[in-house]
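So the structure is just underneath, and the comments pick up after that.
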Amino acid sequence: MVSTTTFLFAALAAVVSAAPGCAPPVTFTLPKIGGGTELVAPAANLVLKKIAIGHGIQNYTCGTTTDDAKATGAVAVLYDATGLYPGTKKTGLKQREWDSAPSTLLWHSPLPLNKLVGSKYGADLANPFPDPAADLSCPGLPAAKYMGHHFFDSQGTPVFELPAVGLAAVVGKVDGITAPASADKGIIDTGAVAWLQLDDNLSGKSKGVTSVYRVVTAGGAAQPCSVAGAGVQSVPYATYYWFFG
Ligand SMILES: *[C@@H]1O[C@H](CO)[C@@H](O)[C@H](O)[C@H]1NC(C)=O
Ligand SMILES: *[C@@H]1O[C@H](CO)[C@@H](O)[C@H](O)[C@H]1NC(C)=O
C-alpha cells in the first residue's frame, strides 16, 4: 500500500495522497508528549515507511543492590500497525483505541518470545524469537501482520530486522525524552520507558530506514536494584516504532 502512495512531510505531519478516486488522504502525525520538550521532528526529506507496534522485554543488569540498573538491550516482536492508524479507510482505529493500543497489547497478550526457563519475563538467550513467527492476535486489537523483530546485536547495537516489509535498521540513540506522566507504568508498575529517536548508525546495514522513533511506550522501565537484586532483569514493554527513510 505504502509503495503506491506518496508521503509528504511538513514538520511533524505527513499527508498521504492516495490515487484519484481512492480513500481520502490519511495524515500521519508523530505523537507528542505535550507540555514539554519534544523529540526533534524527522528530517524534512524523509517519508514515513511503516508504523510497527512492538511487544517484548527491556533488559537491565544490577551489579549490587545499591547500583542504578543499567540498560543492556531489548528483544521485541514487531507487527504492522500502519493500516490501523486513525483515519485509514476501513481498517483505521478510533484515536482513543490507537493511543491505548500499546497498553492493550502489553496487558492482553502473552509475551511473543520463547521463554527463558525459570524466569518470569525472560526470553531464551540464544533463541528468543519463535519460528515460524506468528501474526498479532490480541483481545481488544485487530489482527496485524508480523513485520519483524528488534534486538541488540553482539556489539550492543540496536537492530530492527523487518523482512516482511523489506526494511532494516541498525541504529544509535540520538535523543530521548521521558514518557508522559499518564503513560502505562506496565505489568510490574515500574513506569514507561523513554520516547526515543534512533538514527541509522551509518554501518551500511540499514535498508530503507534513516530514523526510528519509539513513541507511546507502555511499561519497560527497570526495577530499582534494591528491589530487583543483583543480576539480570527483563521488564515487559510495548510501544510504537515509526520508521522513516
Ligand atoms: C535480554 O534478556 C533475555 C533473557 O531474558 C535474552 O534472551 C536476550 O538476549 C537479552 N537481550 C539483550 C539485548 O540483552
Ligand atoms: C553500527 O553498528 C554496527 C553493527 O553493530 C557496528 O559494527 C558499528 O560499530 C556501529 N557504528 C557506530 C558508529 O556505532
Side-chain angles (χ1 to χ4, degrees), residues 2 9 30 37-63 67-81 111-114 116 119 121-133 146-179 193-215 217 220-222 231-245:
V2 168
F9 245 94
L30 192 65
T37 309
E38 303 288 348
L39 292 170
V40 173
N45 62 328
L46 301 181
V47 297
L48 178 69
K49 296 288 185 76
K50 285 286 175 189
I51 305 172
I53 189 166
H55 188 196
I57 52 176
Q58 294 282 329
N59 285 352
Y60 302 91
T61 56
C62 291
D67 286 352
D68 286 333
K70 184 175 173 292
T72 54
V75 287
V77 176
L78 275 54
Y79 309 96
D80 194 345
L111 279 169
L113 302 169
N114 293 329
L116 177 67
S119 158
Y121 300 117
D124 182 76
L125 279 164
N127 186 24
F129 301 113
D131 184 14
Y146 170 76
M147 187 192 267
H149 52 229
H150 171 46
F151 62 98
F152 282 57
D153 71 11
S154 57
Q155 294 170 72
T157 307
V159 175
F160 296 84
E161 284 182 347
L162 311 171
V165 292
L167 301 173
V170 176
V171 294
K173 177 180 156 181
V174 295
D175 197 11
I177 55 174
T178 305
V193 280
W195 293 20
L196 299 180
Q197 179 188 352
L198 306 156
D199 278 4
D200 177 26
N201 93 345
L202 307 179
S203 61
K205 292 177 176 160
S206 295
K207 200 172 144 199
V209 178
T210 303
S211 289
V212 183
Y213 284 72
R214 181 177 82 183
V215 293
T217 52
V232 177
Q233 44 166 315
S234 294
V235 184
Y237 82 111
T239 191
Y240 286 122
Y241 291 102
W242 289 50
F243 295 94
F244 297 89

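Start at 1 and go down the list; that is how both ligands and their atoms are numbered. None of these values were measured; they are calculated from a predicted model. Residue indices begin at 1 and follow the sequence shown. For the numbers below, each heavy atom of this structure counts, side chains included, while hydrogens, waters and symmetry mates do not.
- Note on ring orientation: taking the six-membered ring where Trp is involved, the planes of Phe244 and Tyr213 are perpendicular (angle over 60°, cut-offs 30° and 60°).
- Summarising the local packing, CG of Asp68 is surrounded by 12 or fewer heavy atoms from other residues, nucleotides or ligands at distances under 6.0 Å.
- For the pair Met147/Tyr79, no side-chain contact is recorded, criterion being any heavy-atom separation below 4.5 Å from C-beta on.
- Using cut-offs of 30° and 60° on the angle between ring planes, the pair Phe152 and His150 is tilted.
- Taking a heavy-atom cut-off of under 4.0 Å, ligand 2 is surrounded by Asp153, Gln155, Thr157, Val170, Asn201, Ser203, Lys205.
- Residues satisfying the ring-ring contact (aromatic ring centres under 6.0 Å, His included) test with Trp195, not counting sequence neighbours, are none.
- Between Ser211 and Asp199, the side chains place a donor N or O and an acceptor N or O closer than 3.5 Å (distance only, hydrogens not considered).
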